[in-house]
Amino acid sequence: MAHKGLRFVLQSVFIAHPMDESNPLIEQRRSKLASLRSEGVDPFRAKFTPSEPCANSHSDFVEGRAVAVAGRLVSLRDMGKTTFAHVKDQSGALQLFVRKDDVGEAAYARFRHLDLADFVGARGTLFKTKTGEISVRVSEYVVLAKALRPPPAKWHGLSDTETRYRQRYLDLMSNDEVRETFLKRSAIVHEIRAFLHRRGFAEVETPMMQAIPGGAAARPFVTRHNTFGRDFFLRIALELYLKRLLVGGIDRVFEMGRNFRNEGISRRHNPEFTMLEAYQAYGDYETMMELCQSLICHVAQMVLGTLRIEHKDADGGVIRTIDLTPEWRRARYKDLVREKAGDDWFKIVPQQRRERAAKLGIDLAAAGEDFEVTSAVFEKLIEPTLIQPTFVTHLPKELVPLAKISGDDPDTVEVFECCINGQEIAPAYTEQNDPIEQRERLQHQAGGEQQKLDEDFLVALEHGMPPAGGIGIGIDRLCMMLLGQESIRDVILFPQLKPRDEPASPSPLAP
RNA sequence: GCCUCGGUAGCUCAAUGGUAGAGCAGUUGACUCUUAAUCAAUUGGUUCUAGGUUCAAGUCCUAGCCGGGGUACCA
């Protein structure tokens, strides 16, 4: 055998090698497929048009009404000459009542030997069984697709975390609440777009492959364009292109799409994540504050029907309740820091700040500059405690090079960070539109590396950008907050996992 | 990257260093209103991988792979 020497780390029948007919469960299903074909039934060529989704039979029940339904077989109870089965489609499950006398001997025998997870279509009439369950009295059925591998356990569902993420389709088919979560995520994304369109924002698409990845400080992914013979970077933010559009006269503009950051993976970080950025000309950060609050409340109300969101532990106990009812709290960054680290925090000398931060249990290994010490205090001790929606305003200017200096405190910028559920969900600024000051601050950030400066963006600013408010909303984190999920992997359909096919190796692209 | 916990039948899980088990699923049979159907019988294992200790390893040791949690990196 050519593949005899290969070893497969995961022995699961779900992932196993395509040729492993040696597994008896697969072998049996293949042989059932063969016998169907020998009877002249090809389950992969059948045509069938359902009259309605399965759940319709419940909402629109009329005794004796003719229906045609299709779905995956999720239960099969053979009573001898009568068989009960449930088929399930996206709307839900519906019971089929199949009698030998109704469908004929050959078809009945065939039905009894269908497997769980096969797809079938059935025609018949609606009725209620003795126990009152709405069902279809089947007069004829067709096999629509044979499943050659067994589904996860019908009662326990699938709980192995790794299989759930690697083969999400199994998770979706066996865990209803998971499917609900992702359908709600879809609804959230839809409502965000609807909200912004109503407010006159135009949705655009800007380059994901960029020569200079800007708009944030993050390590990018590298990719290569063969014809140009040069490397590109996957974008780390949307900002600089959307601002070019403000220059071009698109006054209300947004993009919702993937950003890529080449950093560690955690419960809160996926290398590719979905970001909404929206810019409104002639607005400022206060404009965006109103937009942020209205947008999130609108989405919660439309998708969840409530502004109170309960997060639960594995046993169903409520860990915390988030109340989105406006108006959301506003707090100045410095006030929050003083509250936690002492009223005199900003009066003492930098060395004293380091000592005090260390005493508070902060690891300062990465904090070189003084403002980074304060930032560490905020991120470690304050942000995690901001469960209820809070707009943190007046951040130190060093943290945000793309925002305007505050009128009432020149050390700070006109910015807010909207924190909910202990995480930063949305930063927003009064955008910097002074091209000279912008150039200085970006140059300062780039350090000596001149090639990192997006000259084209700076030229655009010199053509004049209207004053504007801008906001970025992390859609994955927003979904975690709204859908009560504690891990970003549970709101991303296919979270990034380490590939199993070959060992990690140095990249030819690596610098 | 580091710390820590985990990987056993298709699924969910057991198993003092001493014959690798159960429930469900599957297979065969009975049953024309079941619904986690029931009843009878029955198949199914490279215990993640590779070494090591031992008379004997799922269990102990070492290394690796993959995953969860934490931490680091992340304006």
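Every chain is numbered from 1, with letters handed out A, B, ... down the list of sequences.
Within the shown strands, nothing qualifies as a pairing partner of B:G45 under the Watson-Crick or G-U definition with both distances less than 3.5 Å. If you check B:C33 for Watson-Crick or wobble pairing at under 3.5 angstrom, you find it has no partner at all. For B:A40, the paired base is B:U28 (Watson-Crick or G-U wobble, both distances below 3.5 Å). Under the Watson-Crick and G-U wobble criteria, each requiring two contacts below 3.5 Å, nucleotide B:A75 is left unpaired. Pairing of B:C11, defined by two Watson-Crick or G-U wobble distances under 3.5 Å, is identified with B:G23. When both pairing distances are held under 3.5 Å, B:U62 makes a Watson-Crick or G-U pair with B:A50. Nucleotide B:A56 forms a pair with no other nucleotide shown, judged by Watson-Crick or G-U wobble geometry with both contacts under 3.5 Å. Pair assignment for B:G67: B:C5, on the basis of Watson-Crick or G-U wobble contacts that are both within less than 3.5 Å.
For A:R77 and B:U34, the shortest distance from a side-chain N or O to OP1 or OP2 is not below 4.0 Å. Close to B:G67, at under 4.0 Å from its OP1 or OP2, lies a side-chain N or O of A:R166. Taking only side-chain nitrogens and oxygens, A:R489 comes nearer than 4.0 Å to OP1 or OP2 of B:G69. Residue A:T161 places none of its side-chain N or O atoms closer than 4.0 Å to OP1 or OP2 of B:G68.
As a whole-Å value, the separation of A:E379 CD from B:A72 C1' is 13 Å. Atom pair A:E239:CD and B:A75:P shows a separation of 13 Å (rounding to whole Å applied). The interatomic distance linking A:L364 (CG) with B:A72 (C1') rounds to 14 Å, in whole Å. One interatomic measurement links the two molecules: CG of A:D171 to P of B:C11, which rounds to 14 Å at whole-angstrom precision. Atoms CG (A:N262) and C1' (B:C74) sit 11 Å apart, rounded to a whole Å. Atom-to-atom, CD of A:E162 to P of B:C11 comes out at 12 Å; the value is rounded to the nearest Å. The CD1-P distance, from A:I362 to B:C73, rounds to 11 Å in whole Å. The separation between A:E383 atom CD and B:C74 atom P is 14 Å, rounded to whole Å.
Using atom C1' as the reference point in both B:U43 and B:G29, the two lie 15 Å apart (nearest Å). With C1' as the reference atom, B:U53 and B:C61 are 7 Å apart, rounded to whole Å. Atom C1' of B:A20 sits at a distance of 13 Å from the matching atom of B:G44, rounded to the whole Å. Taking atom P on both nucleotides, B:A14 is separated from B:C73 by 37 Å, rounded to a whole Å. B:G7 sits 15 Å from B:G45 when the C1' atoms are compared, rounded to a whole Å. With both ends at atom P, the span from B:C5 to B:C60 equals 12 Å, rounded to whole Å.
For the atom pair A:L386 CG and A:E417 CD, the distance stands at 10.0 Å (nearest 0.5 Å).
At the heavy-atom level, A:E133 lies under 4.0 Å from base atoms of the strands shown. Residue A:P427 is classed as having no contact, given no heavy-atom separation below 4.0 Å to the nucleic acid. Nucleic acid contact for A:L395: none, since no nucleic acid atom lies under 4.0 Å from a heavy atom of the residue. Nucleic acid contact class of A:Q95 (heavy atoms, under 4.0 Å, all strands): base.
Closest-nucleotide positions on RNA chain B for A:R267 and A:G215 were compared, and the one nearer the 5' end corresponds to A:R267. Checking A:K380 against A:Q496, the closest nucleotide of RNA chain B that is more toward the 5' end is the one next to A:Q496.
For A:L399, the listed nucleotide lying nearest its side chain is B:A75; candidates were B:G69, B:A75, B:U12. If you check B:G10, B:G69, B:G68 against the side chain of A:N23, the one that comes closest is B:G10. Between B:A75, B:G70, B:G68, one nucleotide has an atom nearer to the side chain of A:R268 than all others, and that is B:G70.
For the pair A:K334 and A:F346, the cation sits on the ring face: its NZ or CZ lies under 6.0 Å from the ring centre, inside 45° of the axis.
Between A:Y285 and A:H394, the angle of the ring planes goes over 60°, which puts this pair in the perpendicular group of the 30/60° scheme.
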### Message
For A:E431 and A:Y429: C-alpha separation, side-chain torsions, deciding distance, then whether side chain to side chain donor-acceptor pair (under 3.5 Å) applies.
### Response
CA-CA 5 Å; A:E431 301 295 344; A:Y429 318 152; over 6 Å; no
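In this structure, A:F221 has its ring center at least 6.0 angstrom away from the ring center of A:F233.
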Return the polar atom pairs (N/O with N/O) between nucleotides 23-27 of chain B and the protein under 3.5 Å, or none.
{"from": "B:A25", "atom 1": "OP1", "to": "A:K154", "atom 2": "NZ", "distance (Å)": "3.4"}
{"from": "B:G26", "atom 1": "O2'", "to": "A:Q28", "atom 2": "OE1", "distance (Å)": "2.1"}
{"from": "B:G26", "atom 1": "O2'", "to": "A:Q28", "atom 2": "NE2", "distance (Å)": "3.4"}
{"from": "B:U27", "atom 1": "OP1", "to": "A:K32", "atom 2": "NZ", "distance (Å)": "2.4"}

Set out, line by line, the N/O atom pairs under 3.5 Å between protein and nucleotides 30-33 of chain B.
{"from": "B:C31", "atom 1": "N1", "to": "A:M79", "atom 2": "O", "distance (Å)": "3.4"}
{"from": "B:C31", "atom 1": "N3", "to": "A:D78", "atom 2": "O", "distance (Å)": "3.4"}
{"from": "B:C31", "atom 1": "N4", "to": "A:D78", "atom 2": "O", "distance (Å)": "3.3"}
{"from": "B:C31", "atom 1": "N4", "to": "A:G80", "atom 2": "N", "distance (Å)": "3.4"}
{"from": "B:U32", "atom 1": "O4'", "to": "A:T82", "atom 2": "OG1", "distance (Å)": "3.0"}
{"from": "B:U32", "atom 1": "O2", "to": "A:T82", "atom 2": "OG1", "distance (Å)": "3.0"}
{"from": "B:U32", "atom 1": "N3", "to": "A:D101", "atom 2": "OD2", "distance (Å)": "3.2"}
{"from": "B:U32", "atom 1": "O4", "to": "A:D101", "atom 2": "OD1", "distance (Å)": "2.6"}
{"from": "B:U32", "atom 1": "O4", "to": "A:D101", "atom 2": "OD2", "distance (Å)": "2.4"}
{"from": "B:C33", "atom 1": "O2", "to": "A:K130", "atom 2": "N", "distance (Å)": "2.6"}
{"from": "B:C33", "atom 1": "N3", "to": "A:K130", "atom 2": "N", "distance (Å)": "3.4"}

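With contacts defined as side-chain heavy-atom distances shorter than 4.5 Å, the pair A:V138/A:F97 does not qualify. Taking the side chain as every heavy atom from C-beta outward, A:L276 and A:F254 approach each other to under 4.5 Å.
Taking the charged nitrogens against the carboxylate oxygens, A:E455 and A:R439 do have a contact shorter than 4.0 Å, which makes a salt bridge. For the pair A:D118 and A:R72, the salt-bridge criterion is not met [side-chain N within less than 4.0 Å of a carboxylate O].
Atom CZ of A:R258 is surrounded by 12 or fewer heavy atoms from other residues, nucleotides or ligands within 6.0 Å.
Minimum interatomic distance between A:Y165 and A:D490 (heavy atoms only, all atoms of both residues): OH-OD1, 3.1 Å.
Partner A:F494 forms a side chain to side chain contact (heavy atoms under 4.5 Å, CB included) with one of A:R489, A:R168, A:R166 and no other, that one being A:R168.
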